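Below is one structure, written out as structure tokens, with a few remarks after it.
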Amino acid sequence: MPELPEVETTRRGISPHLLNQSVQQVIIRNRNLRWPISRQLANDIKDQTITSIERRGKYLLLGTDKGTLIIHLGMSGSLRILPCDEEVKKHDHFDLQMKNGQCLRLHDPRRFGAVLWTRKSPETHKLLSALGPEPLSEQFNTEYLFNRSRQRKQVIKTFIMDSKIVTGVGNIYASEALFLAGIHPKHAAGRISQTRYAKLAESIKTVLEAAIEQGGTTLKDFTQSDGKPGYFKQQLNVYGRADESCTSCGTKIKQLTLGQRASYFCPHCQK
DNA sequence: AGTGCGGCCTGTCCGC
DNA sequence: TGCGGACAGGCCGCAC
């Protein structure tokens, strides 16, 4: 499942192949994603040159002079750079074929992803305008988290997974960051001290940065057609480790459901 | 306004 | 071995 680090690694992987390249044509093989891919999109982006490739939360933004292509990978989406004539596989939804013969291909079995086009500046798009700060930015800091959390009755795990609070912290890294910060996932967000929020902000940045760093070294070549899409799994301390021993103290990791999401924590290390 | 949850999908896993 | 059902998971959009 692509979390922010995978999306960032994808961004870095595809950028050199697409930047300053022009679109030959768009092929929509299966419109069915979270929202149907617009048929008009093919006309909008044809002949445009990709001038920027950015990331906002887990959204990838391919900028042109006429507008921006917004891509979200959902939970099973992957992007690869391939020759345009590469064999099409099941669940290949979308091709952005470039004039240099390279192709950006979106593969998404569970169809939770999205491909959208906007003529406006992307930050004003409905899906992006309400997003909180980037977790790796300076705006995301102790004071910000502390201030936003006051009066909140919500548990801390769902609070940090709220995209309006901070964008891009998914289920895996929410659990991992709380473990690193020593905070119980069920703790009320409004009752956590500023000191502990300092630790939490730092922990969120640390786990995401470590995963991005590892992505850079373990990721498969984005231009290869065989093998895995290229996602990687960092060594995780708590996520998916119910009933296993805590890497720090040996206590059995526990699992509970918060906001309909599996959550993992060490009952000894996290209070 | 804050909060919780339904729904979209299919590969994988589990039990019979 | 084959089959059916439960489940995971991002996150919008609605209901309260």
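Keep in mind that what you see is a predicted model, and the values were worked out from it rather than measured.
Judged purely by atom type and a 3.5 angstrom limit, A/Arg55 uses its side chain to pair as donor or acceptor with the backbone of A/Gly57. At least one donor-acceptor pair under 3.5 Å links the side chain of A/Gln270 to the backbone N or O of A/Ile183. Although no hydrogens or angles enter the test, the distance criterion places no donor-acceptor pair under 3.5 Å between the side chain of A/Ser175 and the main chain of A/Ile172. For the pair A/Tyr173 (side chain) and A/Lys205 (backbone), a donor-acceptor distance under 3.5 Å is absent. Checked by atom type and distance alone, the side chain of A/Asn171 pairs as donor or acceptor with a backbone atom of A/Ala262 at under 3.5 Å. At distances below 3.5 Å, at least one donor-acceptor pair connects side-chain atoms of A/Asn141 with backbone N or O atoms of A/Glu138. The main-chain N or O of A/Leu200 is never found under 3.5 Å from a side-chain atom of A/Arg196 such that the two would form a donor-acceptor pair.
Against DNA chain C, the stretch residues 111-127 of chain A makes heavy-atom approaches under 4.0 Å through A/Phe112, A/Lys126, A/Leu127. Residues from residues 145-162 of chain A placing a heavy atom under 4.0 Å of any atom in DNA chain C do not occur.
C/dC12 atom C1' lies 15 Å from atom CG of A/Leu33, rounded to whole Å. Atom pair A/Ile165:CD1 and C/dG10:C1' shows a separation of 17 Å (rounding to whole Å applied). We find that CE of A/Met75 is positioned 6 Å from C1' of C/dA8, with the value rounded to whole Å. A/Trp35 places its CH2 atom 6 Å from the P atom of C/dC12, with the value rounded to the nearest Å. When the P atom of C/dG10 is taken as reference, atom CG of A/Leu60 falls 16 Å away, rounded to whole Å. Computed from coordinates, the A/His72 NE2 to C/dG13 P distance equals 13 Å when rounded to whole Å. Atom CG in A/Asp108 sits about 10 Å away from atom C1' in B/dT10, given to the nearest Å. B/dT3 atom C1' lies 14 Å from atom CG of A/Leu258, rounded to whole Å.
Considering only side-chain N and O atoms, A/His91 lies nowhere under 4.0 angstrom from the phosphate OP1 or OP2 of B/dC9. OP1 or OP2 of C/dC12 sits under 4.0 Å from a side-chain N or O of A/Tyr59. Residue A/Arg110 has no polar side-chain atom (N or O) positioned under 4.0 Å from OP1 or OP2 of B/dG11.
Between A/His184 and A/Phe265, the ring-plane angle classifies as tilted under the 30° and 60° cut-offs.
When each of A/Leu96, A/Thr118, A/Val26 is tested with A/Leu69 by the rule side chain to side chain contact (heavy atoms under 4.5 Å, CB included), just one qualifies, namely A/Leu96. With A/Gln97 as the fixed residue, the side chain to side chain contact (heavy atoms under 4.5 Å, CB included) test singles out one of A/Asp85, A/Leu82, A/Ile27, A/Val23: A/Ile27.
Note that OG1 of A/Thr257 and CD of A/Gln255 are 6.0 Å apart. Values are rounded to the nearest 0.5 Å.
Evaluation of atom-type donor-acceptor distances gives no pair under 3.5 Å for the side chain of A/Arg34 against the base of B/dC9.
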Writing each nucleotide of DNA chain B 5' to 3' as (, ), [, ], | or . by Watson-Crick or G-U pairing under 3.5 Å yields .|||||||||||||||

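Closest to the side chain of A/Gln260, out of B/dC5, C/dC12, B/dG11, is B/dC5.
Between A/Met98 and A/Ile50, the closest side-chain pair of non-hydrogen atoms falls below 4.5 Å.
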